[in-house]
Amino acid sequence: LAAIMVLTLVPFSAFADRQGTVLVPGTRYGIINLLYQLSGSPATEDVLLPFTDVTAEQAPAVRWAWKNHVSTGTSDTTFRPDEAVSRATVAGFLWSYYGRQAPSRTSSPYLDVLPDAWYFNAVLWTTENGLIDVSDCGQYFRPDEQVAHIVGQVGASGKIQIKMTAEHTWGTRTVVQPASCEEPELLQATCTVCGLTGTIEGKAALGHDYGEWMLVEDATPTEYGVAARVCSRDASHVEYAYFDYEGPMFDDVDPYGFYY
């Protein structure tokens, strides 16, 4: 089951002396707040933030990221703090946090990280310096893969290593929207690992269950006839078919001789 909407974020606790291990949700705010705490949580009240979608709780970390060019947002007025983050974006934030240094390599060890990608230098520099755990990568970095949660481990040197997980471990699910003919079941659940609460898809859409065709209006020499059938799951879902006085309107029609 995949998360399709983030609803709430669990508050992040600061590092003790900026050392140790911490786990945060895999959102733009999650990784930015982690780096903000790593930087010592400096005061940012003097920074005028251009983004209109940032809460008061999120504002200090986002102001810090904006001021220090760790992130420029997703547009002139939006940051999308609760949006799921990709592996490439995590690398980009880390690379920017450490000053956007040039990697020592000029060619990528990953088949899916190409020289013309915006994250090329970010991925190469962060991985060659051990900032991102790539033990499960092999030949593929998977830059576009969305991150479920992020584990940050900081040693005595103060340098962080990030391990990213692609799947949430959802706990008890509560139905917030039953499956219908056209829409899937939606469930609300909380990840037992990172504490993120989200809406996830449950059962697939049921599809229509139409009954027999019923004549609505017979055809005349000058007017098309109309037939209809109603979905047994939702009577507001009605399918109509049209036919002319001499038979089907077209040769390529369904077995009932209707065009619809």
Practice task
Count the heavy atoms of every other residue, nucleotide or ligand shown that sit under 6.0 Å from CG of Asp46, and state whether that count exceeds 12.
Solution key: yes
Exercise for the section: Can you establish whether the number of heavy atoms outside Glu223 located under 6.0 Å from its atom CD is more than 12? Expected result: no
Exercise for the section: With side chain to side chain contact (heavy atoms under 4.5 Å, CB included) as the test, would you mind laying out the steps for Leu187 and Val175 before giving the verdict? Expected result: CA-CA 4 Å; Leu187 309 168; Val175 176; 3.5 Å; yes
Would you name the heavy atoms of [X] and [Y] that are closest together and state the gap between them?
{"X": "Phe141", "Y": "Met164", "answer": "CZ-CE, 4.5 Å"}
{"X": "Val62", "Y": "Phe51", "answer": "CG1-CD1, 3.8 Å"}
{"X": "Ile200", "Y": "Ala189", "answer": "CD1-CB, 4.1 Å"}
{"X": "Leu124", "Y": "Pro103", "answer": "CB-CB, 3.7 Å"}
{"X": "Asn33", "Y": "Ala61", "answer": "OD1-CB, 3.6 Å"}
{"X": "Ala91", "Y": "Val123", "answer": "CB-CG2, 4.0 Å"}

Problem - Listed once per pair and sorted, the side chain to side chain donor-acceptor pair (under 3.5 Å) pairs that draw on residues 102-113, sequence neighbours left out - result: Ser104-Glu128, Arg105-Thr127, Arg105-Glu128
Exercise for the section: Output every pair passing side chain to side chain donor-acceptor pair (under 3.5 Å) with a member in residues 65-75, not counting sequence neighbours, ordered by first then second residue. Expected result: Arg28-Ser71, Thr74-Thr78, Ser75-Thr78
Practice task
Could I get the full list of salt bridge (charged side-chain N to carboxylate O under 4.0 Å, His left out) partners for Arg63, not counting sequence neighbours?
Solution key: none
Going by heavy atoms in the side chains, are [X] and [Y] under 4.5 Å from each other?
{"X": "Pro60", "Y": "Thr44", "result": "yes"}
{"X": "Asn129", "Y": "Tyr98", "result": "no"}
{"X": "Glu201", "Y": "Leu186", "result": "yes"}
{"X": "Ile32", "Y": "Tyr97", "result": "no"}
{"X": "Leu114", "Y": "Phe120", "result": "no"}

Donor-acceptor pair, distance only, cut-off 3.5 Å: does the side chain of [X] make one with the backbone of [Y]?
{"X": "Tyr210", "Y": "Ala228", "answer": "no"}
{"X": "Glu185", "Y": "Lys203", "answer": "yes"}
{"X": "Asp53", "Y": "Phe79", "answer": "yes"}
{"X": "Ser39", "Y": "Tyr36", "answer": "yes"}

Exercise for the section: Report the C-alpha distance between Leu34 and Ile160 in whole Å, list the side-chain angles of each, state the deciding distance to 0.1 Å, and finish with yes or no for side chain to side chain contact (heavy atoms under 4.5 Å, CB included). Expected result: CA-CA 10 Å; Leu34 187 154; Ile160 193 169; 2.9 Å; yes
Fill in the blank from the handout: Note: with side-chain heavy atoms under 4.5 Å as the link, the other cluster members for Leu111 come out as Tyr140
Problem - Stepwise side chain to side chain contact (heavy atoms under 4.5 Å, CB included) check, Thr55 with Tyr29 - result: CA-CA 11 Å; Thr55 67; Tyr29 172 69; over 6 Å; no
Fill in the blank from the handout: Taken in chain and number order and not counting sequence neighbours, the residues that satisfy side-chain contact (heavy atoms from CB on, under 4.5 Å) with Ser232 are Asp209
Practice task
Following the transitive rule for hydrophobic clusters with a side-chain heavy-atom cut-off under 4.5 Å over Ile, Leu, Val, Met, Phe, Trp and Tyr, establish whether Val216 and Val230 coincide in one cluster.
Solution key: yes
Handout entry: ILVMFWY network linking Val70 to Leu48, side-chain heavy atoms under 4.5 angstrom
Key = no
[atom1]-[atom2] distance between [X] and [Y], expressed to the nearest 0.5 angstrom:
{"X": "Leu206", "Y": "Glu183", "atom1": "CG", "atom2": "CD", "answer": "11.0 Å"}
{"X": "Ile162", "Y": "Thr126", "atom1": "CD1", "atom2": "OG1", "answer": "10.0 Å"}
{"X": "Thr89", "Y": "Leu94", "atom1": "OG1", "atom2": "CG", "answer": "11.0 Å"}

Practice task
Test Trp125 against Leu131 for side chain to side chain contact (heavy atoms under 4.5 Å, CB included), laying out the working first.
Solution key: CA-CA 9 Å; Trp125 187 85; Leu131 301 183; 3.2 Å; yes
Practice task
Only counting residues at least two apart or in another chain, list the ones meeting side chain to side chain donor-acceptor pair (under 3.5 Å) with Glu182.
Solution key: His208
